[in-house]
Number of protein chains: 2
Amino acid sequence: MTVRSRTGYALDRTVKKGIPLARETRERVLRTARDLVHGASLAEVGIEEICAEAGVHRGSLYHFFPSKDALGLAVLDANWDLMRAMLDEAFQAAVEPLDRIDRFIQGFGRMLGLMRQKMGTTPGCPLGGLTAELSAQPGPGRDRAQAVLEEWAGYFSGAVHEAQVRGQVSRSVDPHAAALRILAFVQGMALLAKVYDRPDRVVATRETIRALIAAD
Amino acid sequence: MTVRSRTGYALDRTVKKGIPLARETRERVLRTARDLVHGASLAEVGIEEICAEAGVHRGSLYHFFPSKDALGLAVLDANWDLMRAMLDEAFQAAVEPLDRIDRFIQGFGRMLGLMRQKMGTTPGCPLGGLTAELSAQPGPGRDRAQAVLEEWAGYFSGAVHEAQVRGQVSRSVDPHAAALRILAFVQGMALLAKVYDRPDRVVATRETIRALIAAD
DNA sequence: CCCTTTCTTGACTGTCCGGTCAAGAACGGG
DNA sequence: CCCGTTCTTGACCGGACAGTCAAGAAAGGG
């Protein structure tokens, strides 16, 4: 893969570290930060560490992100983009509503397995750990964390509601409450997967999800 | 409450901060560290902060704990002691097996509510966050975290098994698997409670727990 | 009362942290 | 080709960090 640039020093860096073309710096920083934070936590990852790994100078990072907190929020959003992509792939209209949830959970488990191979250890949920960290005090971090979880739950509650319309789930079930049960279960399973270093622990069976929906 | 000591300087401290009697220092440090870590994370809490809050000097802390990592392990054990006390209170032989689980979850939710009052914000599960943090890499931290979760799950699986003996739960259910489902669900609910700052979110209904057990 | 063990004190080290800045290079519209 | 904007560079700051240490005080057994 060849990279073009008229920037002398940029080209030099390119040869050594790869692709710090002007407008890509922000994305490089964000992606690097996302990966490092996923493997540890925001508090454990230093600005300098991110810069070194991304092949970028401190000043450049602070040109795009006013503070570490702001970077943390951006990482949360980036992780949510990732998760939403997985959700969109699983939640296709052609698939039966409840099967969409199963498909997502399968995909989520596969992702953790891949991360384990890549990083040598099983990370937790990219959103779970970060939302917890950002929610330690009230403020924009917690607000954003709530919004993200709410959006995530929306995927589940939508599927449950659609299943009700199709007569596959009792009308007495509150779709949003059911969605929160599923979300909680997925988060908890991700935690166990991390602690036990066994990604297959995440893969909840169809039966468990069905039971969780019906349990009102 | 009066404190006695022949130590001049210790008495002075006592007046200002309370009770640094010789043999109690270790416990004071541990309790303070536990509280601070529960409100944030191990990485976010500094040694100096712990010392200041506990009214103890750095050297004293390092006399009892060889490193911050060792202190982290001690905090995990202290938190497990706390959780075990709650479990023991709920899991009394006189109570129906499945009701023990409900009792524990009620108690757990009450505790989060109290912590919210005390700290101004809802903390996560004292064990969940710490086990996740200590499990980021293989090593003694993760080993201990696994052992703790396994012991915790043992309470649940024991109750499920006893319920099977009494004919209240199908024999086809694997008690240990059911226990892990409950544990995951509790952890996930604690996470949601923290992010939403709503401790009542933890209180899973009897129905949910029953469904989780049967979902095999 | 003495003497060994246990604990406390407070100053110290070197490192790494998040964040700043001024100067200059690259970029891109006109 | 010029010029204002955008981005990069690398040195710099004050403070906080984990961890160390020697000297001395308290504790406790004999």
Side-chain angles (χ1 to χ4, degrees), chain A residues 3-30 32-33 36-37 40-75 133 141, chain B residues 3-30 32-33 36-37 40-75 133 141:
Chain A
V3 177
R4 314 176 107 282
S5 166
R6 262 175 273 152
T7 321
Y9 63 86
L11 259 181
D12 287 338
R13 284 215 153 270
T14 299
V15 173
K16 286 186 205 151
K17 301 217 163 197
I19 331 173
L21 283 175
R23 288 296 171 81
E24 288 188 355
T25 304
R26 203 192 121 98
E27 287 172 40
R28 282 167 55 74
V29 168
L30 201 46
T32 307
L36 290 176
V37 168
S41 73
L42 192 57
E44 283 165 336
V45 174
I47 295 286
E48 185 52 45
E49 191 182 346
I50 295 170
C51 291
E53 184 77 13
V56 155
H57 288 263
R58 304 177 78 77
S60 295
L61 187 151
Y62 276 100
H63 176 73
F64 293 105
F65 304 98
S67 68
K68 196 189 185 185
D69 284 351
L71 179 58
L73 279 182
V75 168
E133 201 170 355
Chain B
V3 177
R4 315 176 107 282
S5 167
R6 260 175 273 154
T7 322
Y9 61 89
L11 258 182
D12 287 337
R13 285 215 153 270
T14 301
V15 171
K16 287 187 205 149
K17 299 217 167 198
I19 331 171
L21 283 174
R23 286 297 169 81
E24 288 187 356
T25 303
R26 202 192 122 100
E27 288 172 40
R28 284 167 54 75
V29 168
L30 201 46
T32 307
L36 290 176
V37 168
S41 72
L42 193 57
E44 283 164 336
V45 175
I47 295 286
E48 184 53 44
E49 191 182 347
I50 296 170
C51 290
E53 183 78 13
V56 154
H57 289 262
R58 306 177 77 76
S60 295
L61 187 150
Y62 278 100
H63 175 73
F64 293 105
F65 304 98
S67 68
K68 196 188 185 186
D69 284 350
L71 178 58
L73 279 182
V75 168
E133 201 170 353

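Numbers restart at 1 for each chain; the letters A, B, ... are given by sequence-line order, proteins then strands.
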To the nearest angstrom, how far is [X] atom [atom1] from [N] atom [atom2]?
X: B:Glu24; N: C:dC7; atom1: CD; atom2: P; result: 13 Å
X: B:Glu44; N: D:dA18; atom1: CD; atom2: P; result: 12 Å
X: B:His57; N: D:dA25; atom1: NE2; atom2: C1'; result: 13 Å
X: B:Arg26; N: C:dT8; atom1: CZ; atom2: P; result: 12 Å
X: B:Phe64; N: D:dA18; atom1: CZ; atom2: P; result: 19 Å
X: B:Leu61; N: D:dT20; atom1: CG; atom2: C1'; result: 13 Å
X: A:Arg28; N: D:dT8; atom1: CZ; atom2: C1'; result: 13 Å

The salt bridge (Lys or Arg N to Asp or Glu O under 4.0 Å) partners of A:Glu48 (sequence neighbours excluded) come to A:Arg58
Using side-chain heavy atoms (C-beta onward) and a distance below 4.5 Å, is B:Leu30 in contact with B:Leu71?
yes
Protein-proximity profile, nucleotides 13-20 of chain C, B/S/- by nucleotide at the 4.0 Å heavy-atom cutoff, equals ----SBBB
Judged by atom type as modelled, is there a donor-acceptor pair below 3.5 Å linking the side chain of A:Glu44 to the main-chain atoms of B:Ala43?
no
Polar side-chain atom of A:Glu133 near backbone of A:Ser41 as donor-acceptor pair, under 3.5 Å
no
In a check of side chain to side chain contact (heavy atoms under 4.5 Å, CB included) between B:Val29 and each of B:Ile50, B:Val75, B:Ile47, which one passes?
B:Ile50
Which distance, rounded to the nearest 0.5 Å, do you find between the OG1 of B:Thr32 and the CD of B:Glu53?
6.0 Å
